[in-house]
Trainee: 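Provided herewith is a single structure, encoded as structure tokens, for subsequent inquiry.
Note that the structure is a prediction, hence the values are computed from the model and not measured. Residue numbers begin at 1 in each chain, while the letters A, B, ... track the order of the sequences.
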2 protein chains.
Amino acid sequence: MQPFAPAPCSQCAHRADSVCNAIAPEDLDLLARIAGTARAGAGESIIPEGAPAAYFFNLTEGHARLFKSMPDGRRQITGFAGPGDFLGLAASSRYAFGAEAIDAVQFCRFPRAALETLCRDRPALGERLLGVAAHELAAAQAQMLLLGRKTAEERIASFLIRCANDGRPCGHLAADVTLAMSRTDIADYLGLTIETVSRTLTKLRRQGLIDLPEIQRIVLTDGPALMRLATGRTERH
Amino acid sequence: MQPFAPAPCSQCAHRADSVCNAIAPEDLDLLARIAGTARAGAGESIIPEGAPAAYFFNLTEGHARLFKSMPDGRRQITGFAGPGDFLGLAASSRYAFGAEAIDAVQFCRFPRAALETLCRDRPALGERLLGVAAHELAAAQAQMLLLGRKTAEERIASFLIRCANDGRPCGHLAADVTLAMSRTDIADYLGLTIETVSRTLTKLRRQGLIDLPEIQRIVLTDGPALMRLATGRTERH
DNA sequence: CGGTCACTTGATCGTCTTCAATACCAGTGG
DNA sequence: CCACTGGTATTGAAGACGATCAAGTGACCG
């Protein structure tokens, strides 16, 4: 991970997508004054699991995985982050999770105390953060339903729908999905093994619901059927 | 569910435990002005799943389960709430979950818009809500690890530890736990069936880790061993 | 080419589920 | 007092889904 440099908030391409849009353009220097930017290469750690929670982070380029792990190596990925995503809410004195770069990432960080102070001056920022937290909580609950009650097929379908719906209004699916993460990451996100992920993908391909032209690309040939699978509106076995 | 009555915030016994403690005593009438209280009997719905999210809630007596469900009846309990717990954060325009009373409950509710306005005037309240959200997010991530990666035995152990640690400083376990919820609720919380919950409890009893003197009461005879199981520090099978 | 790495496919195994029977308890009425 | 009922929990036997173990494929790269 490279050392932190001053953040050029006023030139940030992802300001519109991120929590920073709660700050008026003329106040951006307040933000830039407390922010720093850095980069990390694929596989590098951004937040070590259980580290003292001194900063919030904002991803500006690339993708990251958030995870919790167990002493014997079992790992659960709790979410993925892309450009514009805010990290670090799920923390008290220490981060309840870890974060690693999936590909080359760029991000900025804010000292927690400084950002909390800024929230007092700019209430819109606090409201924005609460909105982000509410959104993440709802996503976490959906993921709990997936992990606790859905079959492998339903998990994969849910995952694909989620990817295809990313950054679009609800229900408007992309025709195809380019995955940033490996099969191992998908497995650890869905509570499965890589073998089951692989097998289930080929099963869906044989059923004509998807196509796998390249290893990182998935074409949704039958979005509605996938959606039915994902929500459990299909008879099981 | 009984109709809503005015809230006597200044006499509330659970104010100290709840988000309402962010409001100074002399400003409590601001809170009382927007709040209403109601009761619900065991099994009754407090928040219908997917209903328009017009209110926040605060439980003052009894216990509730929060859940998400699927069209064929599969259900995942995402959490339990007790006196002092705040409900309704995981919502945008509609609640992402439902809430039902486990036993007789009493609660108050606040119109979202009014509470958001109050947050502007009293920044401490907004900070408190963000803190609650952060705490719930961390709990949700821990639950994802449980649901995605832990064995039945580890799930039950984690659950018992969680119950015994409820409302205490981390690591200080109660010697015994009185469960408010049924085996079905436990199963739906842990992503198991009632049969597996029952079998695993008797297994832990035979191993000498717990005792089951009454159906709703569990004595932790070997807390440290349970803790090792819960965190995965025990060799599997 | 030989090597590695990620993914896929196959065969077998085990954990948890499913289906079914039984136990237990509180409430009701004979 | 005891039989009957309904709900909840426990226990048993059989089965299925996904995990594990193992081999094979293909891409990339030195």
Trainee: Is Leu201(B) touching bases, backbone alone, or none of the nucleic acid, heavy atoms closer than 4.0 Å?
Mentor: nothing
Trainee: From dA9(D), dC7(C), dT11(D), pick the nucleotide closest to the side chain of Arg183(B)?
Mentor: dA9(D)
Trainee: Which label fits Phe159(A) and Tyr189(A): parallel for a plane angle under 30°, tilted from 30 to 60°, or perpendicular past 60°?
Mentor: perpendicular
Trainee: Using 4.0 Å as the upper bound for N to carboxylate O, is an ion pair formed by Glu49(A) and Lys68(A)?
Mentor: no
Trainee: Please report, rounded to the nearest Å, how far the P atom of dA26(C) is from the CD1 atom of Ile215(B).
Mentor: 10 Å
Trainee: May I ask you to verify whether the side chain of Glu214(B) and the base of dC25(C) hold a donor-acceptor pair under 3.5 Å?
Mentor: no
Trainee: What's the closest nucleotide to the side chain of Arg205(B) if the choices are dC7(C), dT17(C), dT11(D)?
Mentor: dT11(D)
Trainee: Determine whether any donor atom in the side chain of Glu195(B) lies under 3.5 Å from an acceptor atom in the base of dC19(C), or the reverse, and answer yes or no.
Mentor: yes
Trainee: Could you check whether the rings of Tyr95(A) and Phe57(A) sit parallel, tilted or perpendicular, using 30° and 60° as the cut-offs?
Mentor: tilted
Trainee: Please state how far atom CD1 in Ile194(B) lies from atom C1' in dC16(C), giving the value in whole angstrom units.
Mentor: 14 Å
Trainee: Side-chain N or O of Thr151(B) versus OP1/OP2 of dT15(C): is the shortest distance under 4.0 Å?
Mentor: no
Trainee: Would you kindly give the CD1-to-C1' distance between Ile186(A) and dC7(C), to the nearest whole Å?
Mentor: 11 Å
Trainee: Pick the nucleotide of DNA chain D nearest each of Arg199(A) and Val197(B); which residue has the one closer to the 5' end?
Mentor: Val197(B)
Trainee: Write down the distance between CG (Leu192(B)) and C1' (dT10(D)), rounded to a whole number of angstrom.
Mentor: 16 Å
Trainee: Tell me: CG of Leu147(B) to P of dG18(D), nearest whole Å?
Mentor: 15 Å
Trainee: Rounding to a whole Å, what distance do you find between Gln216(A):CD and dG26(D):C1'?
Mentor: 15 Å
Trainee: Once you measure the plane-to-plane angle for Phe107(B) and Phe4(B), does it fall in the parallel (<30°), tilted (30-60°) or perpendicular (>60°) bin?
Mentor: perpendicular
Trainee: Indicate, with a heavy-atom threshold strictly under 4.0 Å, whether Thr193(A) touches base, sugar-phosphate, or nothing.
Mentor: base
Trainee: Within the structure shown, what part of the strands sits under 4.0 Å from Thr196(B) by heavy-atom distance: base, sugar-phosphate, or nothing?
Mentor: base
Trainee: Write down the distance between CG (Asp185(A)) and C1' (dA6(C)), rounded to a whole number of angstrom.
Mentor: 12 Å
Trainee: For Arg74(A) and dA19(D), what is the distance between atoms CZ and P respectively, to the nearest whole Å?
Mentor: 13 Å
Trainee: Verify, without hydrogens or angle tests, whether Thr60(A) (side chain) and Gln106(A) (backbone) share a donor-acceptor contact under 3.5 angstrom.
Mentor: yes
